[in-house]
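To start, the structure under review is shown below, and the notes come after it.
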2 protein chains.
Amino acid sequence: MAKNNLFDTDLQQISAFCKALGHPARLAILRFLGEQKSCITDDISNELPLSRTTVSQHLTELKKMKLIQGEIDGVKVNYCLNMNELANMNKLINEFLKKTNCCEESCC
Amino acid sequence: MAKNNLFDTDLQQISAFCKALGHPARLAILRFLGEQKSCITDDISNELPLSRTTVSQHLTELKKMKLIQGEIDGVKVNYCLNMNELANMNKLINEFLKKTNCCEESCC
DNA sequence: AAATTATGACGCAAATATACGACACAATAT
DNA sequence: ATATTGTGTCGTATATTTGCGTCATAATTT
């Protein structure tokens, strides 16, 4: 993280998205929200083999990257996927891999 | 890492790939190799704002996930992209995001 | 044979990430 | 009014990642 700012902005952004996806718990959260089973923190953490506070931290991490949104409903918080940002992330990752991976001649 | 094995195998695999992409230096390495400018460690590290040994560690990380391959050529090592594994990774990430992101009704 | 070059392994320090329990707080329910 | 419920924050411990210098090694070059 310390030297991240020495790299191109686009690489910083893409790597930050990938980092957010770089933990199975966070993927499990995204999948669970996608299945619409529930949007409530407590239900999510009951589903995962982690404590409620740890899940809460992973939720914060996903929120930080705007991949999910939380809407307060009384005592509860309804979380849901941010489709726009997920699509944007998907596009950026795909573009990067396409650009990287497309060369005709190989040097090996 | 400690509790990773408590999650589904597919989530473990996808998150491991994303983790490998979760650092700008590793993305820069992949991009550099994709541009075919050179495959030699020393040239790669000269290109990046990091020491040779640190770059070497990032190369090891990418090798661990089979995203790149190294071929010994005398004293030097020629690195190149592993197109097959990159494509496989791309497919897995896309499938995951598509499956996650496709639901009609939103709960928020 | 000695110097040079390219590389990985090793050890270490600092920074981050992961994981959890205890606590605080606000909105319901009793 | 009091208890319960759902959440986030805080502090803390451990694990992992990041980053670098030094060293060993093997292949070239001189």
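Residue numbers begin at 1 in each chain, while the letters A, B, ... track the order of the sequences.
- Taking every side-chain heavy atom of Ser51(B) into account, dG21(D) is the closest of dT7(D), dG8(C), dG21(D).
- In the interface, the side chain of Arg52(A) is paired with the base of dG8(D) through a donor and an acceptor atom under 3.5 Å apart.
- In this structure, of dG19(D), dT18(C), dG8(C), it is dG8(C) that holds the atom nearest to the side chain of Thr41(B).
- A donor-acceptor pair under 3.5 Å is absent between the side-chain atoms of Asn88(B) and the main chain of Asn84(B), judged by distance alone.
- Phosphate proximity of dC20(D) to Lys3(A): present, with a side-chain N or O under 4.0 Å from OP1 or OP2.
- With hydrogens and angles ignored, a donor-acceptor pair under 3.5 angstrom links the side chain of Thr53(B) to the base of dG21(D).
- Between Leu48(B) and Ala28(B), the shortest heavy-atom contact is CD2-CB, 3.7 Å.
- Residue Leu6(B) contributes atom CG, which lies 15 Å from atom C1' of dC20(C) at whole-angstrom precision.
- Between the CG atom of Leu62(A) and the P atom of dG8(D) there is a distance of 13 Å, rounded to whole Å.
- Across the interface with DNA chain D, nearest-nucleotide mapping of Arg26(B) and Ser56(A) shows Ser56(A) to be the residue nearer the 5′ end.
- Checking Leu33(A), Leu67(A), Leu30(A) one by one against Thr100(B), the side chain to side chain contact (heavy atoms under 4.5 Å, CB included) holds for a single residue, Leu30(A).
- The phosphate of dG6(D) has neither OP1 nor OP2 within less than 4.0 Å of any side-chain N or O from Tyr79(A).
- Residue His58(A) places none of its side-chain N or O atoms closer than 4.0 Å to OP1 or OP2 of dA17(C).
- A straight line from NZ of Lys64(A) to P of dA17(C) spans 6 Å, rounded to a whole angstrom.
- One donor-acceptor pair, N or O on each side, does fall under 3.5 Å between the base of dA19(C) and the side chain of Gln57(A).
- Regarding Asn5(A), its CG atom lies at a distance of 16 Å from the C1' atom of dT16(C), rounded to whole Å.
- In terms of heavy atoms, Val77(B) sits closest to Gly70(B) at CG1-CA, 4.0 Å.
- Applying the salt bridge (charged side-chain N to carboxylate O under 4.0 Å, His left out) rule to Asp42(A) yields no partners; only residues at least two apart in sequence or on another chain are considered.
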Can you give one letter per nucleotide of nucleotides 25-30 of chain D, going 5' to 3': B for a protein heavy atom under 4.0 Å from the base, S for sugar-phosphate only, - for none?
-> -BSS--
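- Across all strands, Glu61(B) comes closer than 4.0 Å to no nucleic acid atom at all (heavy-atom distances).
- Rounded to a whole Å, the CG atom of Leu50(A) is 15 Å from the C1' atom of dA15(D).
- The nucleotide whose nearest atom lies closest to any side-chain atom of His23(A) is, among dT18(D), dT7(C), dT18(C), dT18(C).
- Atom CD in Gln12(A) sits 8.5 Å away from atom CZ in Phe7(A) (nearest 0.5 Å).
- In this structure, Ile72(A) atom CD1 and dA27(C) atom C1' are separated by 11 Å, rounded to whole Å.
- Nearest to the side-chain atoms of Asp42(B) among the listed nucleotides dA19(C), dG8(D), dT7(C) stands dT7(C).
- Between Lys19(A) and dA17(C), a side-chain N or O to OP1/OP2 separation shorter than 4.0 Å is present.
- Checking side-chain atoms of Glu61(B) against main-chain N and O of Ala20(B) turns up no donor-acceptor pair under 3.5 Å.
- One interatomic measurement links the two molecules: CG of Leu59(A) to C1' of dG8(D), which rounds to 11 Å at whole-angstrom precision.
- Salt-bridge formation is detected for the pair Asp10(A)/Arg31(B): a Lys NZ or Arg NE/NH1/NH2 atom is positioned less than 4.0 Å from an Asp or Glu carboxylate oxygen.
- Residue Thr54(B) has no polar side-chain atom (N or O) positioned under 4.0 Å from OP1 or OP2 of dT18(D).
- The nearest whole Å value for the distance from the CG atom in Asn4(B) to the P atom in dT18(C) is 9 Å.
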